[in-house]
Amino acid sequence: MAIGTSRKERIDSLAESSASETGVSLAASAWRRLRRNPVFLVGASIIGLFVLLALLAPVLAPHDPGVRMLADQVSRATNSIPPAQEGHPFGGDQHGRDLFSRVLLGSQQTLLVAVLATVIGLGGGLTLGTLAGAFGGWVDSLVMRIVDVMLSVPSLLLAVSIGALFSSQTQFTVILAVAIVQIPVFARLLRGTMLAQRESDHVLAARSLGVRQRSIVFRHMLPNALGPVIVQSTLVLAVAIIDAAALSFLGLGAADDSVPEWGQMLGNAQNVIDSHPHLAFWPAACIIVVALGFTLVGESLRDALDPKRRR
Amino acid sequence: MALLEVRDLSVVFQRKGEEPFAAVDGISFDVSPGQMVGLVGESGCGKSVTSLAIMGLLPQRGVRVEGTVEFEGKDLLRLSDRELADRRGRDLGMVFQDPLSSVNPVIPIGVQVSEVLERHEGLRRREAALRSAELLDRVGIPDPSRRLKEYPHQLSGGMRQRALIAMALACKPRLLIADEPTTALDVTIQAQILSLLSELVRDTGTALIMITHDLGVVAGMCDEVNVLYGGRIVERAGRHELFAEPRHPYTAGLLASIPRLDAPRGDRLTPIRGSVADNIPWAGGCAFAPRCPNAVDACVERSPEMTRDGERLLRCHNPVGRPAPSEEVPVQ
Ligand SMILES: Nc1ncnc2c1ncn2[C@@H]1O[C@H](COP(=O)(O)OP(=O)(O)O)[C@@H](O)[C@H]1O
Ligand code: SF4
Ligand SMILES: [Mg+2]
């Protein structure tokens, strides 16, 4: 991920895309363009497939992902891991658990990590961005100072530093580390769109009617400022999955692996990656494909909402 | 007593690293209860800034506002933000130029009308919705109870302007400022909106400040007309006097540039030459001098003071028709 200024520029250009026109008619015309965009359709199909997989995983999975049913085929001494066999199409993992079932059920946990991290990042970012954009002045200066400092650190480095702060790693600390990194991104984005709203004609009109500040902010500014934030959220879902995997790979993943998660599976596979690359391949492939899906949807949403790229 | 007394109002924009710029430069005028007053001038002469200053809606930073704006004896410029917000929508209303962008796109029209009633009259949601339907009906929106639930993009520009007028007049304010309310609309709709506005303010006894760049708009409705140039009032007169005998060369120029039904056939419209970009500062003479057909030497030497000629006020060294009146008008 690029550093400093270019990230800020990317965020700000997205913020600008909402300035000219917002609202229901925009959403309608954006949807019309999206429906015909192959990039969006591919991304949406990928996401749809994986969500479906996650929902059906408990039914589809042939075995319990936590049971070491092939443990007798595991040997540390000879570095042997259960190969593919009848009833176990992917074979077993280092602990003799059914790899196919673990990959299937890993979709649940991975999507959950992505969604929770994004929601937490979004919540923090919305709070800070609303404060800064709605009130301006010193509140704005203070919030933006903090946000810009956070943005100037490469995001993965920041996530690793935050992840390392916790004495013991769990799925939750991974989520938190990934989420905190996204807070400044959402905050800067929302602040930009809120400022544009503050200058807008309809907010001036609302103020001319004596509408209270609370309502100005939450009814007249915020809903109109959210478009780019929604676009960003889909992109952040992809980033969160990859960052979570990277944390696991760097040894900052959750210690308990009874419930499978792709990033963690990938991280745990690195000791045996030379002799048994398939242990890393399946979770890595899933991570790449699902992250690609979110990115394709996010980018096509961004295009659809950007008035400059409209025909 | 006047409802609104604007005295020596100045609005100076000062951006970092730029020269201060007086968009409004010491203007004074009164509005009596129920009166309709016109504020006329070309784009950029300070009409919108004047109305925003009266409403207290100018940006908080980079602006210096001087003078007084007394509404029923209280200076609006000295009120706190909260006191002002209590008055806006209740005592003072405003209608803006662009109805397309002046409504919140993500909220149904009905909610936006109701919000004003809930805010100022403490109505419950139910009652407010009923009153909103009545209001939409009153401003000529057909099938109001269905329209209430619609989003702005489902309404045409004219319908949105009607809805905005309904919001501005929902609490029967005593003063309504209409800032070019028809400029963004189709010509056929313009006349409807204007007659609706004058009918409504007449019914409710609301005083109206009609802001426009089009003398034709004020011709039909205003009792008194202020002509603005470069942030100053250059001529004020009753509607009939102004149209029958414009004295300021700028007013005369504006009149000559609008089509008149009673003009002899073949008479060509004559636009005012040049543009506001040619203005010189008031400090060294008359801002209009570079464009003025009547300009004399004095016009680039001394700034013309406001003078009184009967009921008429005039700021000109060499007015159209008779020589300039000699009685200077001190700032009240
Ligand atoms: N927020 C602002 N900052 C700086 N200058 C402004 C601002 N608003 C208006 N102006 C300037 O003030 C002058 C008068 O503007 P305005 O009152 O909008 O003109 P109009 O008579 O067309 O309504 C213009 O020259 C405009 O550029
Ligand atoms: S003062 Fe001079 S320049 Fe200005 S309007 Fe009068 S005659 Fe023209
Ligand atoms: Mg204007």
Side-chain angles (χ1 to χ4, degrees), chain A residues 17-32 130 132-141 144 190 193-230 305 307 310, chain B residues 48 51-52 54-61 81-108 111-113 115-121 150-155 160-161 163-164 166-171 173 176-177 179 184:
Chain A
S17 73
S18 81
S20 57
E21 193 191 339
T22 41
V24 184
S25 62
L26 178 66
S29 73
W31 174 236
R32 244 179 291 120
T130 306
F135 299 106
W138 68 267
V139 182
D140 185 27
S141 309
M144 289 322 287
L190 187 69
T193 54
M194 288 288 275
L195 284 184
Q197 284 299 314
R198 213 165 55 156
E199 310 282 313
S200 72
D201 286 354
H202 74 89
V203 166
L204 187 67
R207 293 211 293 140
S208 83
L209 294 166
V211 172
R212 284 185 207 283
Q213 181 67 13
R214 185 163 23 100
S215 169
I216 295 272
V217 171
F218 291 106
R219 202 182 236 183
H220 296 273
M221 288 167 63
L222 194 53
N224 287 295
L226 283 180
V229 173
I230 293 166
L305 288 172
R310 250 185 259 169
Chain B
S48 296
S51 53
L52 293 178
I54 295 171
M55 296 290 291
L57 290 173
L58 285 168
Q60 307 252 329
R61 290 153 170 243
D81 286 351
R82 179 175 295 253
E83 288 170 306
L84 251 181
D86 284 343
R87 286 179 173 258
R88 287 198 289 256
R90 194 187 67 199
D91 297 339
L92 309 157
M94 183 157 173
V95 179
F96 294 87
Q97 177 169 347
D98 186 358
L100 296 185
S101 62
S102 296
V103 280
N104 185 342
V106 300
I107 294 183
V111 176
Q112 300 187 48
V113 184
E115 180 167 31
V116 187
L117 295 164
E118 289 168 30
R119 162 73 169 93
H120 292 295
E121 310 207 335
E150 291 191 343
Y151 287 86
H153 72 95
Q154 294 169 284
L155 273 64
R160 288 196 220 183
Q161 193 62 301
L164 283 159
M167 293 176 211
L169 290 177
C171 304
L176 180 73
I177 303 178
D179 186 357

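Throughout, a chain's letter reflects where its sequence line sits, starting with A, and its residues are numbered from 1.
- In this structure, chain A has no heavy atom under 4.5 Å from any part of B:R87.
- For B:V103, the part lying under 4.5 angstrom from a heavy atom of chain A is the backbone only.
- Contact detail for A:A205 and B:S102: the closest heavy-atom pair is CB-O, 3.3 Å.
- In this structure, A:R207 CZ and B:L84 CG are separated by 10.0 Å, a value rounded to the nearest 0.5 Å.
- Of the atoms belonging to B:L92, it is backbone heavy atoms, and not side-chain ones, that fall under 4.5 Å from chain A.
- Side chain to side chain, A:H220 and B:E115 meet the donor-acceptor criterion of an N or O pair below 3.5 Å.
- Expressed to the nearest 0.5 Å, how far CD of B:Q97 lies from CG of A:D201 amounts to 9.0 Å.
- When heavy atoms are compared at a cutoff of 4.5 Å, A:R219 approaches chain B by way of both its backbone and its side chain.
- Only the side chain of B:M55 has a heavy atom closer than 4.5 Å to any heavy atom of chain A.
- In plain terms, the two heavy atoms of B:F96 and A:S208 that are nearest each other are CE1-OG, 3.5 Å.
- The most heavy-atom pairs under 4.5 Å with chain A, out of B:M94, B:E118, B:H120, come from B:H120.
- In this structure, B:N104 CG and A:N224 CG are separated by 4.5 Å, a value rounded to the nearest 0.5 Å.
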